[in-house]
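Below is one structure, written out as structure tokens; the observations come after it.
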Amino acid sequence: MKSIFSLKTLYSIVYFVGSMVILLLIWSLVSAITKNEIPGPIATWSVFFEMLKDPFYDYGPNDKGIGIQLWSSIKRVMMGFGLGSLLAIPLGMLMGGSKFTMNLLNPLIQVLRPVSPLAWFPLGLLAFKASEGATIFIIAITSLWPTLINTAFGVSSIPDDHKNVGKAFGFSRWKYITKILIPFALPHIITGLRLAIGVAWMVIVAGEMLSGGVGIGFFVWDSWNGLSLEKILSAILIIGFVGLLLDKFFNGLQNYFAYENKK
């Protein structure tokens with residue numbers, strides 16, 4: 001309980017509240033400069049409150065509550081993020097443990113990594129014949145790079161002393177991986193996952209704008225077509241706060257597995 005109510009926690013809350021106050025002040029200023037063409041916090045809050053009254057209503061394909069929209073996006077993100085991570089972590093370990101593999105695959109990765117998710121979407125449609133599969137595909141293909149690169153860096157950074165200990169005790173390859181490689185590289189892997197989930201959460205909005213159907217990205221686009229800027233701003237806030245929660249979760253994992261916290 002002491003850790004929950006520590007001075008550090010109190011400072012974090014104060015800083016967070018201060019950041020939100022700055023956001024509201026800037027938002028109000030922009031609204032005033034544009035003569036309320038961009039709705040201010042009060043006008044947006046009234047619409048946001050109405051959205052939260054019944055977030056899970058379903059009146060048809062293009063009329064669903066914000067809760068349904070958000071949950072659909074989270075499921076797609078987790079599927080794409082999970083698939084990308086399942087590919088990135090083993091491949092990163094292989095690259096980090098082999099200079100030959102690193103030299104062979106690194107140029108390919110540097111060519112593919114900067115490609116926009118919007119460029120991948122047509123290929124996803126061609127491959128999966130459905131917008132749902134294409135959206136998950138672009139999340140996977142664009143979010144795997146941070147995890148792959150950080151995993152490769154973590155594995156390649158294992159000190160020679162650690163490797164020599166494994167040799168001295170006659171570790172098998174599997175025991176070396178589980179007792180030395182993974183524990184040493186784990187903080188780097190989690191850092192990559194933390195960056196990757198941020199990328200995945202950004203990509204989902206663009207993907208759903210293209211694919212349509214249901215999701216927070218489609219909700220933003222549909223609100224624009226309905227000329228409801230208040231709903232767009234509400235969705236932006238929801239996207240931002242969900243992204244913050246995801247980042248905090250992986251930050252907690254990162255701190256838990258940090259070297260200085262290991263006994």
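- Side chain of Asn255 to backbone of Asn251: a donor-acceptor contact under 3.5 angstrom is found.
- Summarising the geometry, atom CG belonging to Leu118 is positioned 7.0 Å from atom CD1 belonging to Ile138; distances are rounded to the nearest 0.5 Å.
- Between the side chain of Lys35 and the backbone N or O of Ala32 there is no donor-acceptor pair closer than 3.5 Å.
- Residue Ile68 is not grouped with residue Leu52 when hydrophobic side chains (ILVMFWY) are merged at heavy-atom distances under 4.5 angstrom, including chains of intermediate members.
- More than 12 heavy atoms of other shown residues, nucleotides or ligands fall within 6.0 angstrom of atom NZ in Lys64.
- Ile204 and Met79 fall into different hydrophobic clusters, where Ile, Leu, Val, Met, Phe, Trp and Tyr are joined by side-chain heavy atoms under 4.5 Å apart, directly or via other members.
- Considering CD1 of Ile89 and CG of Asn150, their distance stands at 11.0 Å, rounded to 0.5 Å.
- Taking the side chain as every heavy atom from C-beta outward, Leu91 and Leu105 approach each other to under 4.5 Å.
- In this structure, Arg113 and Leu148 have side chains that are not in contact, with every pair of non-hydrogen atoms separated by 4.5 Å or more.
- Residues Leu195 and Val203 do not share a hydrophobic cluster, defined by chaining ILVMFWY side chains whose heavy atoms lie under 4.5 Å apart.
- Using a distance-only test at 3.5 Å, with no hydrogens or angles considered, no donor-acceptor pair links the side chain of Trp201 to the main chain of Val77.
- Taking all atoms of both residues into account, the shortest heavy-atom contact from Gly124 to Ala134 is C-CB, 3.6 Å.
- With a 6.0 Å radius and a threshold of 12 heavy atoms from other residues, nucleotides or ligands, Leu245 has its CG atom above the threshold.
- Counting all heavy atoms, side chain and backbone alike, Pro183 lies closest to Pro187 at O-CD, 3.7 Å.
- Distance CD1/Ile66 to CG/Leu70: 6.5 Å, rounded to 0.5 Å.
- In this structure, the side chains of Ile197 and Asp247 stay at 4.5 Å or more apart for every pair of heavy atoms.
- Residues Ile136 and Lys75 are not in side-chain contact: their nearest non-hydrogen atoms beyond the backbone lie 4.5 Å or more apart.
- The two residues Ala152 and Met102 make their nearest non-hydrogen contact at CB-CE, 3.9 Å.
- Taking 4.5 Å as the limit, every side-chain heavy atom of Leu253 sits out of range of all side-chain heavy atoms of Arg194.
- Using a distance-only test at 3.5 Å, with no hydrogens or angles considered, a donor-acceptor pair links the side chain of Ser73 to the main chain of Ile216.
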Applying side-chain contact (heavy atoms from CB on, under 4.5 Å) to Leu237 and Leu233, what does each step give before you reach the verdict?
CA-CA 6 Å; Leu237 291 175; Leu233 291 171; 5.8 Å; no
Decide yes or no on side-chain contact (heavy atoms from CB on, under 4.5 Å) for Trp120 and Leu112, but give the supporting numbers first.
CA-CA 10 Å; Trp120 289 110; Leu112 296 179; 4.0 Å; yes
Could you go through Val220 and Glu208, starting from their C-alpha distance and side-chain angles, then the distance that decides it, and tell me whether this counts as side-chain contact (heavy atoms from CB on, under 4.5 Å)?
CA-CA 9 Å; Val220 171; Glu208 290 176 343; over 6 Å; no
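- Under a 3.5 Å cut-off, the side chain of Ser143 and the backbone N or O of Ala200 do not form any donor-acceptor pair.
- Side chains of Phe219 and Ile238 form no contact here, defined as non-hydrogen atoms less than 4.5 Å apart.
- Follow the hydrophobic side-chain contacts under 4.5 Å out from Ile109 and you never reach Leu83; the two are in separate clusters.
- For the atom pair NZ of Lys231 and CG of Asp222, the computed distance is 8.0 Å after rounding to the nearest 0.5 Å.
- Ring geometry for Phe153 against His188 counts as perpendicular: the plane angle is over 60°, on a 0 to 90° scale with 30° as the lower cut.
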Working note: Trp221 + Phe218, criterion ring-ring contact (aromatic ring centres under 6.0 Å, His included); need CA distance, chi angles, decisive distance, verdict.
CA-CA 5 Å; Trp221 188 248; Phe218 171 75; 9.5 Å; no
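- Rounding to the nearest 0.5 Å places CZ of Phe100 at 7.0 Å from OG of Ser98.
- A distance of 6.0 Å or more separates the ring centres of Phe241 and Phe48.
- No side-chain heavy atom of Val155 sits under 4.5 Å from any side-chain heavy atom of Met95.
- Side-chain contact, Thr191 with Gln254: a donor N or O sits under 3.5 Å from an acceptor N or O.
- Cluster annotation: Leu24 is connected to Val47 through the hydrophobic network of ILVMFWY side chains, with a link wherever side-chain heavy atoms come within less than 4.5 Å.
- The closest side-chain heavy-atom distance from Ile141 to Val115 is not below 4.5 Å.
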Trp45 vs Ile42, test: side-chain contact (heavy atoms from CB on, under 4.5 Å). Steps then yes/no.
CA-CA 5 Å; Trp45 169 250; Ile42 296 176; 5.8 Å; no
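- With hydrogens and angles ignored, the 3.5 Å screen pairs a side-chain donor or acceptor of Trp27 with a backbone N or O of Pro39.
- With rounding to the nearest 0.5 Å, the separation of OG1 in Thr44 from CE in Met51 is 10.5 Å.
- Taking all atoms of both residues into account, the shortest heavy-atom contact from Leu229 to Glu37 is CD1-O, 3.1 Å.
- Nearest heavy atom pair, residue Met93 against residue Ile189, reads CE-CD1, 4.0 Å.
- Of all non-hydrogen atoms in Leu193 and Ser85, the two that sit nearest each other are CD2-OG, 3.4 Å.
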